[in-house]
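A quick write-up on the structure given underneath.
Counting convention: from 1, in listed order, for ligands and their atoms alike. Below, all heavy atoms of this structure are taken into account, side chains as well, without hydrogens, waters or symmetry copies.
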Amino acid sequence: MRTTCRSPNTSPIRGEIVAAFGKHFLVKTATDIALECVLRGKKGGAACGDQVEIRLTSPTQGVIESILPRSALLYRSDTSRQKVIAANVTQIIIVAAAVPAFSEELINRCLVAAESQRIKALIVLNKTDLAEPARAAFATLSLYGRLGYSLLQLSAKTDVKPLLPYLHGHLSVLVGQSGMGKSTIINALVPAAERATAEISPTLDTGRHTTTHARLYHLDEISGIIDSPGVQQFGLQHMSSEEVAWAFMEFHRYLGQCRFNNCRHIGEPGCALLQAVQEKKIDARRLDFYRKLIMSLTPSVGAFSSARQKVQH
Ligand code: GDP
Ligand code: ZN
């Protein structure tokens with residue numbers, strides 16, 4: 001039998017999205033009841049971590065009527081669409097490992113996304129039990145520690161406890177390529193995670209593998225973690241080139257110092273960032289990642305030279 005809305009006067013219920021399955025969501029209420037919900041209208045989309053108001057359509061189902069204002073929204077985008085990853089997170093945890101090899105470019109994209117939302121970033125080098133490759137990987141990642149990012153080494157398979165102090169008081173989102181150990185970390189932190197997944201109704205999970213969906217787990221009263229296995233590619237098409245430059249924290253002091261006002265730092269003469277690289281004040285890898293990112297945002301960036309003629313000196 002079809003269910004219909006109760007009386008229109010039914011007051012909305014507050015809840016939190018704890019699982020996102022495309023257009024379907026699992027919302028937990030303050031009394032810990034899990035409701036299968038759909039989003040009213042098509043605007044924007046909702047994400048794990050969103051605080052929402054819902055109206056019941058049956059004892060176990062509802063409609064998300066509104067999304068409360070977010071403190072942060074992490075999303076990725078390519079040229080054709082945007083995808084919300086997580087809402088209201090206060091920390092992004094980038095999981096890397098030596099085996100299989102991690103992508104330093106993806107790490108940089110995640111850091112840019114974190115900076116743009118003013119979210120704390122933590123890089124975790126997992127699988128340190130693989131001692132020799134882990135040492136080399138850590139040497140590469142130490143650059144980010146020097147920049148001021150938190151950098152932690154652990155072996156999630158052996159002991160996930162070193163991560164615990166970093167989680168305290170945060171809503172964290174785990175990102176990284178597949179194979180880095182995100183699921184292993186979640187299962188070690190939340191032994192019931194598998195069971196919780198199994199509890200989700202098949203109507204929400206039609207024919208799809210559960211690990212393709214974002215899920216939120218509360219660790220204690222003030223800490224939670226979102227597992228977002230979809231984050232393999234981190235398109236940042238929604239960002240302007242100025243925003244991208246500002247998201248490289250060590251660039252700040254040089255921005256505005258280039259010869260051309262609208263210097264994009266991709267090879268123009270008199271570029272202060274390039275000079276800083278030559279003087280070893282900025283690591284060349286970071287300027288390279290910045291340039292790759294700019295190129296991916298604007299494939300026609302070669303057109304810049306004609307624009308350059310118009311700028312003031
Ligand atoms: P995910 O794709 O990021 O969720 O990665 P998984 O958690 O599925 O892990 C990928 C593979 O790495 C699995 O075979 C894990 O057993 C393995 N793995 C995870 N953590 C560790 C670790 O600390 N040490 C080692 N040696 N292997 C690990
Ligand atoms: Zn420049």
Side-chain angles (χ1 to χ4, degrees), residues 85 92-103 106-107 110 123-138 152-163 172-191 193-194 197 209-215 217 225-234 241-242 244-246 248 250-279 281-282 284 286-288 290-291 293-295 301 304-305 307-308 311-313:
I85 297 166
I92 175 165
I93 302 179
I94 306 163
V95 184
V99 184
F102 64 84
S103 156
L106 181 70
I107 291 177
C110 293
I123 301 173
V124 172
L125 176 64
N126 186 28
K127 311 194 190 184
T128 47
D129 53 305
L130 308 173
E132 201 42 54
R135 242 192 302 279
F138 189 75
L152 172 71
Q153 307 186 67
L154 55 75
S155 167
K157 225 175 186 175
T158 321
D159 184 13
V160 82
K161 280 203 282 301
L163 182 59
S172 305
V173 58
L174 274 187
V175 298
Q177 297 148 258
S178 70
M180 298 289 118
K182 296 182 300 298
S183 310
T184 307
I185 290 173
I186 289 285
N187 287 333
L189 290 172
V190 192
E194 231 93 67
T197 307
H209 194 259
T210 48
T211 55
T212 59
H213 307 125
R215 281 163 295 165
Y217 303 100
I225 193 160
I226 295 176
D227 183 17
S228 179
V231 187
Q232 310 267 359
Q233 311 274 336
F234 219 116
S241 46
E242 289 82 10
V244 171
W246 274 99
F248 285 72
E250 73 276 35
F251 291 6
H252 289 180
R253 70 165 71 173
Y254 304 101
L255 297 176
Q257 315 260 324
C258 303
R259 185 182 306 165
F260 299 110
N261 279 352
N262 66 348
C263 182
R264 298 181 76 193
H265 329 298
I266 52 173
E268 297 92 329
C271 175
L273 288 180
L274 185 60
Q275 191 180 339
V277 168
Q278 283 159 355
E279 291 170 2
K281 290 174 181 156
I282 287 179
R286 288 278 281 175
L287 188 57
D288 277 350
Y290 162 81
R291 286 178 174 171
L293 233 166
I294 293 295
M295 298 295 186
V301 85
F304 112 90
S305 53
R308 200 178 71 199
V311 301
Q312 302 166 344
H313 286 226

Looking only at protein heavy atoms, what sits closest to atom 18 (N) of ligand 1 is Lys127 CE, 3.7 Å
If we number the atoms of ligand 1 from 1 as shown, the ones under 4.0 Å from a heavy atom of Ser178 are 2 (O)
For Tyr217 and Ile186, run side chain to side chain contact (heavy atoms under 4.5 Å, CB included): C-alpha distance rounded to whole Å, both residues' side-chain angles, the deciding distance at 0.1 Å, then the answer.
CA-CA 9 Å; Tyr217 303 100; Ile186 289 285; 3.7 Å; yes
To the nearest 0.5 Å, atom SG of Cys271 lies from atom CD1 of Ile266 at 9.5 Å
**Report entry** Heteroatom proximity flag, Ala156 to ligand 1, N/O under 3.5 Å
**Finding:** yes
Problem set entry | Mutual orientation of the aromatic rings belonging to Tyr290 and Phe251 [parallel < 30°, tilted 30-60°, perpendicular > 60°] | perpendicular
Next on the checklist: Could you check whether any side-chain N or O of His265 sits under 3.5 Å from a backbone N or O of Arg291, counting only pairs where one atom can act as donor and the other as acceptor?
Outcome noted: no
With heavy atoms and a 4.0 Å threshold, my read on which part of Thr184 contacts ligand 1 is both
Of Gln177, Lys157, Lys182, Met180, the residue with the heavy atom nearest atom 16 (O) of ligand 1 is Lys157
Quiz item: Does Phe138 offer a backbone N or O that forms a donor-acceptor pair with the side chain of Gln153 under 3.5 Å?
Solution: no
Any donor-acceptor pair under 3.5 Å from Lys182 side chain to Gln177 backbone: yes
Interatomic distance, CD1@Ile93 vs OG@Ser172, rounded to 0.5 Å, equals 4.0 Å
shortest atom 24 (N) of ligand 1-to-protein heavy-atom contact is with Asp129 OD1, 2.8 Å
SG of Cys263 to CG of Leu255, rounded to nearest 0.5 Å, is 9.5 Å
shortest atom 4 (O) of ligand 1-to-protein heavy-atom contact is with Ser183 OG, 2.6 Å
Among non-hydrogen protein atoms, atom 2 (O) of ligand 1 lies closest to Gly179 N, 2.7 Å
Return a yes/no value: protein heavy atom under 4.0 Å from atom 13 (C) of ligand 1? no
With heavy atoms and a 4.0 Å threshold, my read on which part of Asn126 contacts ligand 1 is side chain
Do any nitrogen or oxygen atoms of Leu154 come within less than 3.5 Å of a nitrogen or oxygen of ligand 1? no
Vertex the Zn ion (ligand 2), ends Cys271/SG and His265/ND1: angle to nearest 10° comes to 110°
Closest to atom 5 (O) of ligand 1 among protein heavy atoms sits Gly181 N, 3.0 Å
In this structure, CG of Leu154 is separated from CG of Asp129 (nearest 0.5 Å) by 10.0 Å
